[in-house]
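Order of the sequence lines sets the chain letters (A, B, ...), proteins ahead of strands, with each chain counted from 1.
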Amino acid sequence: MTVEVHDLKDFFRRAPLPFTSSRREQQIPDNVWTKCANCGELTYQKQFNDALKVCPKCGYHSRISSREWIDILADADSFVEHDADLQGIDILGFVSPKDNYEAKLAATSERTGTNDVVMSGSASIEGLPFEIAACNFDFMGGSMGSVFGEKVARAVERAADRGVPVLTINASGGARMHEGIFALMQMAKVSVALTRLARVRQPHISLLVDPCYGGVSASYASVADIILAEPGANIGFAGRRVIEQTIRQKLPPHFQTAEFFLEHGMIDAVVPRSDMRATIGRLLRLYERPTSSADHREHVVAGHQ
Amino acid sequence: MTTLTELLPWDKVQIARNPQRPRTLDYIRVLCEDFFELRGDRHHGDDQALVCGISKIDGRSVAIIGHQKGSDTKENVRRNFGSPHPEGYRKALRVMEHAKKFNMPILTLIDTAGAHPSMAAEERGQAEAIARNLLVMADLPVPIIATVIGEGGSGGALAIGVADRLLMLEHAVYSVASPEASAAILWRDSSKASEAAKAMKITAQDLHSFGIADLIIPEPEGGAHMDVAAIVHAVGNALREQLSTLSTLTLDQLLDQRYAKYRAIGRFRQAQSEIVEA
């Protein structure tokens, strides 16, 4: 069900890239080089950023934050964040010699500048409105606890209320152990919220990015109306190490990649990052109902001119 | 000699996993007037880790879905120790749709360490199979009562556990991951399972105090395996009572309450000081 952050690092064939949050990114000057975590190619930082942090040589898609995703996808200045003030609390009175949940939350919030994994809000692509909830894997391995579940559920409900699609960008190691059964139940919470979206016949588009495992993969992320994934993204229910221990044999490198799941009929398309905005824009247009959103679109397009 | 009231969470895990503990089929044999097993997912195979079927209880047609662990090694191999593959969850899904079509309440019995982690399970979409059941159960238009009879382990349990009522046997446990897996995830040491069992608040009493379990069914002294007839009788009474309560609700009430029940689970802080609880 759940996969530990450290475990994930272990079973990736490619060494994981040290995470660069958008915050830390700003501290890196443009005149430095970035080494690809997959092929070792050195790329000029500015060129790497312009390529949306995809290696120009091997095409490796490095992990980016929820903020960076929103910057890539949404129309300029269209994003309005919601529920940023939700913060996790130590529900269980989690005690262990090594772990202090409250302290960990506080330290991670301080480091990332966000309160939890998910950043959510309203946005548009080419003037077409949608709600978005995007994971930041850098925040405690993208783990799903009460705040995560609440923010995604609210995003889905807002989409239902506004009659617009919802886009979820999913990168997670699974449920957050420190919230125990409450973490597990977030899977059900988001599922009930999605029934409301289905009733107004608006689509849920799920984008799976590296890595997506456990409770997120085994709930809303895998039953969207459209499922997209980034090339090479590691996706699955159980982690590689858990499976290797169970079946006592090494798994092939291709196993549990986006391409593997495309072959096995679990996702609709593998889309390179450079095409993502255009692809999601296409989908929003394909589901657009002229009567309900034409006015809004006109208005926004006019606003850009 | 320790009395039952002094059991540690880890002791409860051992009781919940006791090989002599009554399993899904033990309940079905006694509670059901006639049980017709529905087998296979119509896509891939028949997963014996999950038992599904239709039956009558007090003259009323019901659908039953439960994890089934084996009572000996041979049966455990056949039933994969109660850990389903995707075809098990898809068989359960088929029976849920069946229950919807014929307006039968659904009784589920939860007893699994978790969904099976394997290459085959991944290839056939274990994550999708679990996720699909959560989504379908979220607004399935029939009453659903889930009972944790042994151990409830993670998404593999929840995949038949989104319900209008969650009942737990007194010594049952229900957790986001098995104590061993939790310890491995938290501290990279699965031998610390007993500490994880304590830290993660997995007992029926914990879940009841959180408002997640609706009812605890007391077990015979020494645990359910000490008096199988008594515990099956107690579970039967609890299910009848919940069924009759739920059957007084209109469909809208039923689904609204189910929505509210799950939508409210979670605790967090908003705008500095306000604490939202559920």
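- Looking at every heavy atom in both residues, Ala183(A) comes nearest to Val176(B) through CB-CG2, 4.3 Å.
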Worked verdict on Leu251(A) versus Met119(B) for side-chain contact (heavy atoms from CB on, under 4.5 Å): CA-CA 8 Å; Leu251(A) 296 164; Met119(B) 207 160 143; 3.4 Å; yes
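- Heavy-atom distances place the side chain of Glu157(A), and not its backbone, under 4.5 Å from chain B.
- Considering only heavy atoms from C-beta on, Ser191(A) stays 4.5 Å or farther from Met137(B) through its side chain.
- Of all non-hydrogen atoms in Tyr259(B) and Val192(A), the two that sit nearest each other are CE1-O, 3.0 Å.
- Using a 4.5 Å cut-off between heavy atoms, Leu207(B) touches chain A through its side chain atoms alone.
- At distances below 3.5 Å, at least one donor-acceptor pair connects side-chain atoms of Lys201(B) with backbone N or O atoms of Leu92(A).
- Interface remark: Ser118(B) contributes backbone and side-chain atoms alike to the contact with chain A (heavy atom separation under 4.5 Å).
- The distance from atom CD1 of Ile265(B) to atom CZ of Phe182(A), rounded to the nearest 0.5 Å, is 8.0 Å.
- Interface residue Ile212(B): only side-chain heavy atoms are found under 4.5 Å from chain A.
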Stepwise side-chain contact (heavy atoms from CB on, under 4.5 Å) check, Tyr174(B) with Leu184(A): CA-CA 10 Å; Tyr174(B) 193 179; Leu184(A) 182 73; 3.7 Å; yes
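- Residues Phe94(A) and Met200(B) are in side-chain contact: their nearest non-hydrogen atoms beyond the backbone lie under 4.5 Å apart.
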Derivation of the side-chain contact (heavy atoms from CB on, under 4.5 Å) call for Met185(A) and Leu158(B): CA-CA 8 Å; Met185(A) 291 296 160; Leu158(B) 190 62; 4.0 Å; yes
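- Nearest heavy atom pair, residue Arg188(B) against residue Arg241(A), reads NH2-NH1, 2.9 Å.
- Taking every heavy atom of both residues into account, Arg269(B) and Gly88(A) meet most closely at NH1-O, 4.1 Å.
- The shortest distance between side-chain heavy atoms of Arg263(B) and Glu150(A) falls below 4.5 Å.
- Of the possible polar contacts, one joining the Ser146(A) side chain to the Arg267(B) backbone as a donor-acceptor pair under 3.5 Å is found.
- Side-chain atoms of Gln270(B) and Gln87(A) form no donor-acceptor pair, as typed in the model, at a separation below 3.5 Å.
- With contacts defined as side-chain heavy-atom distances shorter than 4.5 Å, the pair Leu194(A)/Leu135(B) qualifies.
- The structure places CZ of Phe268(B) at 9.0 Å from CD1 of Ile89(A), a figure rounded to the nearest 0.5 Å.
- Interatomic distance, CG of Asn133(B) versus OG of Ser219(A), reported as 12.5 Å (0.5 Å rounding).
- Put simply, of Gln126(B), Glu128(B), Glu123(B), the one with the most heavy-atom pairs under 4.5 Å next to chain A is Glu123(B).
- Crowding of Arg201(A) atom CZ: a count of heavy atoms from other residues, nucleotides or ligands under 6.0 Å not exceeding 12.
- Interface remark: of the candidates Glu179(A), Glu263(A), Gln186(A), Lys189(A), Lys189(A) forms the most heavy-atom pairs closer than 4.5 Å to chain B.
- The distance from atom NE2 of His116(B) to atom CZ of Phe237(A), rounded to the nearest 0.5 Å, is 11.0 Å.
- Of all heavy-atom pairs between Ala177(B) and Met177(A), the closest is CB-CE, 4.0 Å.
- The shortest non-hydrogen separation linking Ser222(A) to Ala131(B) is CB-CB, 4.2 Å.
- Counting heavy atoms from C-beta on, the side chains of Glu122(B) and Ile243(A) come closer than 4.5 Å.
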